[in-house]
J.: 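Provided herewith is a single structure, encoded as structure tokens, for subsequent inquiry.
Residue numbers begin at 1 in each chain, while the letters A, B, ... track the order of the sequences.
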2 protein chains.
Amino acid sequence: MAPRPQAAVDAAFVAHCRARGLLVTEQRRAIYAVLAASREHPSAEQIHRAVRARLPRLSLATVYKNLEALRAIGAVSDVNSLHEHGRYEAALPGTGVGQPHHHLVCIRCKRVLDLHDRRLDAFRLGAAQAHGFEVRAIRVQVEGLCPSCQMARPSAAVRRSV
Amino acid sequence: MAPRPQAAVDAAFVAHCRARGLLVTEQRRAIYAVLAASREHPSAEQIHRAVRARLPRLSLATVYKNLEALRAIGAVSDVNSLHEHGRYEAALPGTGVGQPHHHLVCIRCKRVLDLHDRRLDAFRLGAAQAHGFEVRAIRVQVEGLCPSCQMARPSAAVRRSV
DNA sequence: TTATATGCAAACTGTTTGCACGTAG
DNA sequence: CTACGTGCAAACAGTTTGCATATAA
């Protein structure tokens, strides 16, 4: 929470890259700097646009490659980590799937299960109101490993992804 | 929750379509039937594949058009409703963005704000364990209208989207 | 009969990949 | 010096759109 001076953030970033074996390039630092300075959860294209102000030759492909590289070393996380492609469910009251419920998602096989839990439904507002939001829905997504994926030994990629 | 006989679900679906002015086609019923019968939160392509077993000429475009039409009348909802495109955030401990936190998303302008709320962090397990999941993270996404979007009068599209 | 839905193919958008060149260490 | 990173362009995947044909009501 306490916003650190950007120089300190940059130093920590550089150290983290070195420790994990990534080269430290100007592009990489600039991309991270944009992310660290933003509260906007920007998309790859927004990052590209922002960094381009300083490095006009930066390519979008480099942004993507870096986001992936930084995610792999834990310096960046994706806000909507899972199932980036549309997933749907029946919602008609009467189908038995209409009630409010939450989701249990397996970070390995990407399965999504419904989760019915009274405690989770209990929420209402709170800090959201401080931001002036008019709350319409609360969606809880529990991420973890499903039983069958616990069997298979976790790959390095998965182990570091959460 | 109580899984209704599929005939009853189909009847309710047909009635809902008629009430909202949508024609009742075989494709539409089949698409909905697949969704209502599934606990898998399928993607458009999975739905397409499943329905094709019965209606081999069904096109993928029709699946997409129907998912949108059904979403508009509230018969279907998307599991990952918002920002289907990648959104990132700095995660390096020390940047001030590393701590566990949740997201407040505006369903209209799609802005994503961080939400820090001790009560939300309080969760741990619960029903998830019943499913045998090894829980790694809990992500709470509060959806609503941000202050500036409350000003602008809601469009019909937005009003029905939650 | 007529408004709506379907199927196909082409267009679009976001993301990924291959490769020649550049640069950090 | 050498491995890794960058930029470009082409390839891809998921989704959307335009239009002629088919069909529900």
J.: What's the closest nucleotide to the side chain of A61(B) if the choices are dT17(C), dA9(C), dG25(C)?
T.: dA9(C)
J.: Calculate the interatomic distance between Q46(A) atom CD and dG14(C) atom P; express it in whole Å.
T.: 11 Å
J.: Considering only dT6(D), dG7(C), dA5(C), which nucleotide approaches the side chain of L22(B) most closely?
T.: dA5(C)
J.: Does a side-chain heavy-atom distance below 4.5 Å link R28(B) with F13(B)?
T.: yes
J.: Strictly below 4.0 Å: does Q27(B) bring a side-chain N or O up to OP1 or OP2 of dG7(C)?
T.: yes
J.: Ignoring the backbone of L23(B), work out which of dC8(D), dC19(D), dT4(C) is nearest its side chain.
T.: dT4(C)
J.: Please state how far atom CG in L70(A) lies from atom P in dC4(D), giving the value in whole angstrom units.
T.: 16 Å
J.: Whole angstrom is fine here: how far is it from CG in L55(A) over to C1' in dT23(C)?
T.: 14 Å
J.: Tell me: CZ of R87(A) to P of dG14(D), nearest whole Å?
T.: 12 Å
J.: Rounded to whole angstroms, how far apart are CD1 on I73(A) and C1' on dC4(D)?
T.: 14 Å
J.: Rounded to the nearest Å, what distance is computed from the CZ atom of residue R52(B) to the C1' atom of nucleotide dT6(C)?
T.: 13 Å
J.: Quick check for you: among dC8(C), dG18(C), dG14(C), whose closest atom lies nearest to any side-chain atom of E45(A)?
T.: dG14(C)
J.: Nearest whole angstrom, please: distance from the P of dT6(D) to the CG of L58(A).
T.: 8 Å
J.: So do F133(A) and P147(B) actually touch side chain to side chain, heavy atoms under 4.5 Å?
T.: yes
J.: Hey, are K65(A) and E68(A) close enough for a salt bridge, meaning a charged N less than 4.0 Å from a carboxylate O?
T.: no
J.: For D78(A), is there an ion pair with R87(B) - N to carboxylate O distance below 4.0 angstrom?
T.: no
J.: Starting at atom CZ of R29(A), determine the distance to atom P of dG25(C), rounded to an integer number of angstrom.
T.: 9 Å
J.: Would you kindly compare G21(B) and Y88(B) by the position of their nearest DNA chain C nucleotide and give the one closer to the 5′ end?
T.: G21(B)
J.: Please determine if a side-chain N or O atom of R28(B) lies less than 4.0 Å away from the OP1 or OP2 oxygen of dA5(C).
T.: yes
J.: Could you check whether H41(A) and E89(B), counting side-chain N and O atoms only, form a donor-acceptor pair closer than 3.5 Å?
T.: yes
J.: Could you tell me whether L60(B) contacts a base, only the sugar-phosphate backbone, or nothing, with contacts defined as non-hydrogen atoms closer than 4.0 Å?
T.: base
J.: Out of dA9(C), dC8(D), dA25(D), which has the shortest distance to the side chain of V24(B)?
T.: dA25(D)
J.: Is any side-chain N or O of T25(A) closer than 4.0 Å to OP1 or OP2 of dG5(D)?
T.: no
J.: Is R57(B) close enough to dA22(D) that one of its side-chain N or O atoms is under 4.0 Å from OP1 or OP2 there?
T.: no
J.: Does I31(B) or E26(A) map to a spot on DNA chain C nearer the 5' end, using the closest nucleotide for each?
T.: I31(B)
